[in-house]
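Note that the coordinates shown come from a computational prediction; the quantities given were computed from them, not determined experimentally.
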Amino acid sequence: MTAYAFVWITKYYTDYKHEPVRTLALSSSTGHGTNIIAGISLGLESTALPVLVISIAIVSAFWLGNTSGLVDETGNPTGGLFGTAVATMGMLSTAAYVLTMDMFGPIADNAGGIVEMSQQPESVREITDVLDAVGNTTKATTKGFAIGSAALASFLLFSAYMDEVAAFAQAPFHQVDIAIPEVFVGGLLGSMLIYLFSAWACAAVGRTAQEVVKEVRRQFIERPGIMDYKEKPDYGRCVAIVASASLREMIKPGALAIISPIVVGIVFRILGYYVGHPLLGAKVVAAMLMFATVSGILMALFLNTAGGAWDNAKKYIETGALGGKGSDCHKAAITGDTVGDPFKDTAGPSLHVLIKMLATITLVMAPVFL
């Protein structure tokens, strides 16, 4: 049910058959700036319904699990976590269908590019444009689905982390008190991590795009016949720039995700030793994970939906609405699409992976924080 709700919500906010994307396209008629403002506004608004769905899913699954009456070896009820685990597996059981929808988008997009480069008739391009627009919606839908499943999985991993700490410390560890200054600081660091990671991911796309633009300009100057189809561009050089940058630029964000929780846990473990608070390191990391998960879910939803909406607003105008291709409205929509591409294709998908990565690292490294 959660998966179905996510599909419907994402489709509503990213498909140009619905009001949000059409309103975004209309904002392009008054300029580039208004398009950007409307896109950001739409992305921020789109976080509300998914969060409500996730909240209902977690609470409902936990309550339903409690009715099973499952208990651990000490007699403590564990049915709530079991119910949440079943709900998480329920979402993940449709992975084959989700991957199919995710792959449809790039295939349709590249098919449209091939049609345009091979100078096919406009009627063919019109067909691929429609498929591309559908692909944008399916890509956004699958990313929204991944964010929702990451939220459920992170709740389980967070609970597993607390159990792991309690087992190693031989002491109860059921709550994290954010009224403790150090623990609250850990939460702030977790939220900051999400924004810093997103910034680095988007900046990586921007730097790579600049390199590609410089290379294209160089080829235009050295090979003026490219525009007249008299000379063939060096496609390989542009592909090489993107391929190498995609690996190089993600080293820093990846290292941030791996190193941050370990450094924070060890630093506050040492501090806790001196102030007589033995579980301080574990509690600070727990707060860091908790806040990072909440911030990451919201940020990923915002980036994913805004990017998909910007792209389909442009596609809607290209169908002939609001002046069609080449109009000032279309040019403003292209600006929005350019901003939205790193949102939906880089930062948004990376964040749900980051959330799971943080949860897994804190679970594995739990003994080190004690």
So Phe173 and Tyr161, would you call those rings parallel, tilted or perpendicular, with 30° and 60° as cut-offs?
-> perpendicular

Side chains of Glu19 and Tyr12: do they bring a donor and an acceptor to under 3.5 Å?
-> no

Main-chain N/O of Ala151 paired with Ser154 side-chain donor or acceptor, under 3.5 Å | no

Quick check: does any side chain N or O of Asp177 sit under 3.5 Å from a backbone N or O of Ala179, one acting as donor and the other as acceptor?
-> yes

Return yes when atom CZ of Phe104 has more than 12 non-hydrogen atoms of other residues, nucleotides or ligands closer than 6.0 Å, and no otherwise.
-> yes

Nearest heavy-atom pair of Thr362 and Leu289: which atoms, and what distance?
-> OG1-CD2, 3.5 Å

Measure the shortest side-chain to side-chain distance between Asp234 and Arg223 over non-hydrogen atoms and say whether it is less than 4.5 angstrom.
-> yes

Decide yes or no on side-chain contact (heavy atoms from CB on, under 4.5 Å) for Thr2 and Phe6, but give the supporting numbers first.
-> CA-CA 6 Å; Thr2 302; Phe6 262 88; 3.9 Å; yes

Measuring from Leu92:CG to Ser149:OG, what's the distance to the nearest 0.5 Å?
-> 5.0 Å

Could you tell me which non-hydrogen atom of Gly148 sits nearest to which non-hydrogen atom of Ile54, and how far apart they are?
-> CA-CD1, 4.3 Å

In short, Ile317 meets Ala333 closest at the heavy-atom pair CD1-CB, 3.6 Å

Can you measure from CG (Asn312) to NZ (Lys17) and round to the nearest 0.5 angstrom?
-> 11.0 Å

Examine Leu280 and Ile266 and state if one hydrophobic cluster contains both, with Ile, Leu, Val, Met, Phe, Trp and Tyr joined whenever side-chain heavy atoms are less than 4.5 Å apart.
-> yes

Quick check: does any side chain N or O of Thr10 sit under 3.5 Å from a backbone N or O of Val7, one acting as donor and the other as acceptor?
-> no

Can Arg248 and Glu211 be counted as an ion pair, charged N to O under 4.0 angstrom?
-> yes

Please check if the side chain of Glu231 supplies one atom and the backbone of Gly225 the other of a donor-acceptor pair under 3.5 Å.
-> yes

Side chain to side chain donor-acceptor pair (under 3.5 Å) contacts in which one or both residues fall within residues 25-43, not counting sequence neighbours = Ser28-Asn35, Thr30-Thr34, His32-Thr335, Asn35-Trp310

Assess whether salt bridge (Lys or Arg N to Asp or Glu O under 4.0 Å) is satisfied between Lys325 and Asp129, documenting all intermediate values.
-> CA-CA 12 Å; Lys325 288 185 179 180; Asp129 279 346; 3.7 Å; yes

Starting from the C-alpha separation in whole Å, work towards a yes-or-no answer on side-chain contact (heavy atoms from CB on, under 4.5 Å) for Arg237 and Ile241.
-> CA-CA 6 Å; Arg237 177 59 187 154; Ile241 290 172; 3.9 Å; yes

When rounded to the nearest 0.5 Å, the distance separating OG1 of Thr23 from CG of Leu42 is 8.0 Å

Can you get from Met365 to Met162 by hopping between Ile, Leu, Val, Met, Phe, Trp and Tyr side chains that sit under 4.5 Å apart?
-> yes

Can you measure from CE (Met103) to OG1 (Thr138) and round to the nearest 0.5 angstrom?
-> 9.5 Å

Answer whether the closest heavy-atom distance between the side chains of Ser198 and Leu303 falls below 4.5 Å.
-> yes

Hey, does Leu322 have a side-chain heavy atom less than 4.5 Å from the side chain of Leu26?
-> yes

Quick check: does any side chain N or O of Ser327 sit under 3.5 Å from a backbone N or O of His330, one acting as donor and the other as acceptor?
-> yes

Can you tell if the side chain of Ile194 reaches within under 4.5 Å of the side chain of Leu354, non-hydrogen atoms only?
-> yes

Look at the side-chain heavy atoms of Ile, Leu, Val, Met, Phe, Trp and Tyr, link any pair under 4.5 Å apart, and say whether Phe168 and Phe158 land in one connected group.
-> yes

Hey, does Met192 have a side-chain heavy atom less than 4.5 Å from the side chain of Phe291?
-> no

Would you please indicate if the ring centroids of Tyr4 and Trp8 are separated by under 6.0 Å?
-> no

Flag yes if Val216 and Val239 sit in one hydrophobic cluster, no otherwise; membership is Ile, Leu, Val, Met, Phe, Trp, Tyr, and two members link when side-chain heavy atoms are under 4.5 Å apart.
-> no

Phe197 to Ser350 - nearest heavy-atom pair and separation = CE2-CB, 3.5 Å

Would you say Thr128's side chain and Arg125's backbone share a donor-acceptor pair under 3.5 angstrom?
-> yes

Flag the pair Pro121 / Val124 as yes when at least one side-chain heavy-atom distance between them is below 4.5 Å, and no otherwise.
-> yes

Between atom CG of Leu193 and atom CG of Leu256, what is the distance when rounded to the nearest 0.5 Å?
-> 4.5 Å

Are side-chain heavy atoms of Phe268 and Val185 found at a separation under 4.5 Å?
-> yes

Do Ile221 and Met227 belong together in a cluster built from hydrophobic side chains that touch within less than 4.5 Å?
-> no

Audit row: Tyr13, Ile9, side-chain contact (heavy atoms from CB on, under 4.5 Å) steps and yes/no | CA-CA 6 Å; Tyr13 278 107; Ile9 292 168; 3.9 Å; yes

Report yes or no: does Gln119 contribute a side-chain atom to a donor-acceptor pair with the main-chain N or O of Glu116 at less than 3.5 Å?
-> no

Work out which heavy atom in Ile361 is nearest to a heavy atom in Ala257; give both atom names and the distance.
-> CD1-O, 3.7 Å

Heavy-atom closest pair, residues Leu152 and Ile58 | CD2-CG1, 3.4 Å

Rounded distance (nearest 0.5 Å) linking atom CG of Leu156 with atom CG of Leu363 = 11.0 Å

Do any N or O atoms from the side chain of Thr84 and from the backbone of Gly80 form a donor-acceptor pair under 3.5 angstrom?
-> yes

Is there a donor-acceptor contact under 3.5 Å from the side chain of Ser159 to the main chain of Phe155?
-> yes

Leu370 vs Arg269, side-chain contact (heavy atoms from CB on, under 4.5 Å): CA-CA, chis, key distance, verdict = CA-CA 6 Å; Leu370 300 174; Arg269 172 194 172 181; 5.7 Å; no

Does atom CD1 of Ile226 have more than 12 heavy-atom neighbours, drawn from other residues, nucleotides or ligands, at distances under 6.0 Å?
-> yes

Would you say Ser60 and Met1 make side-chain contact, with heavy atoms under 4.5 Å?
-> no

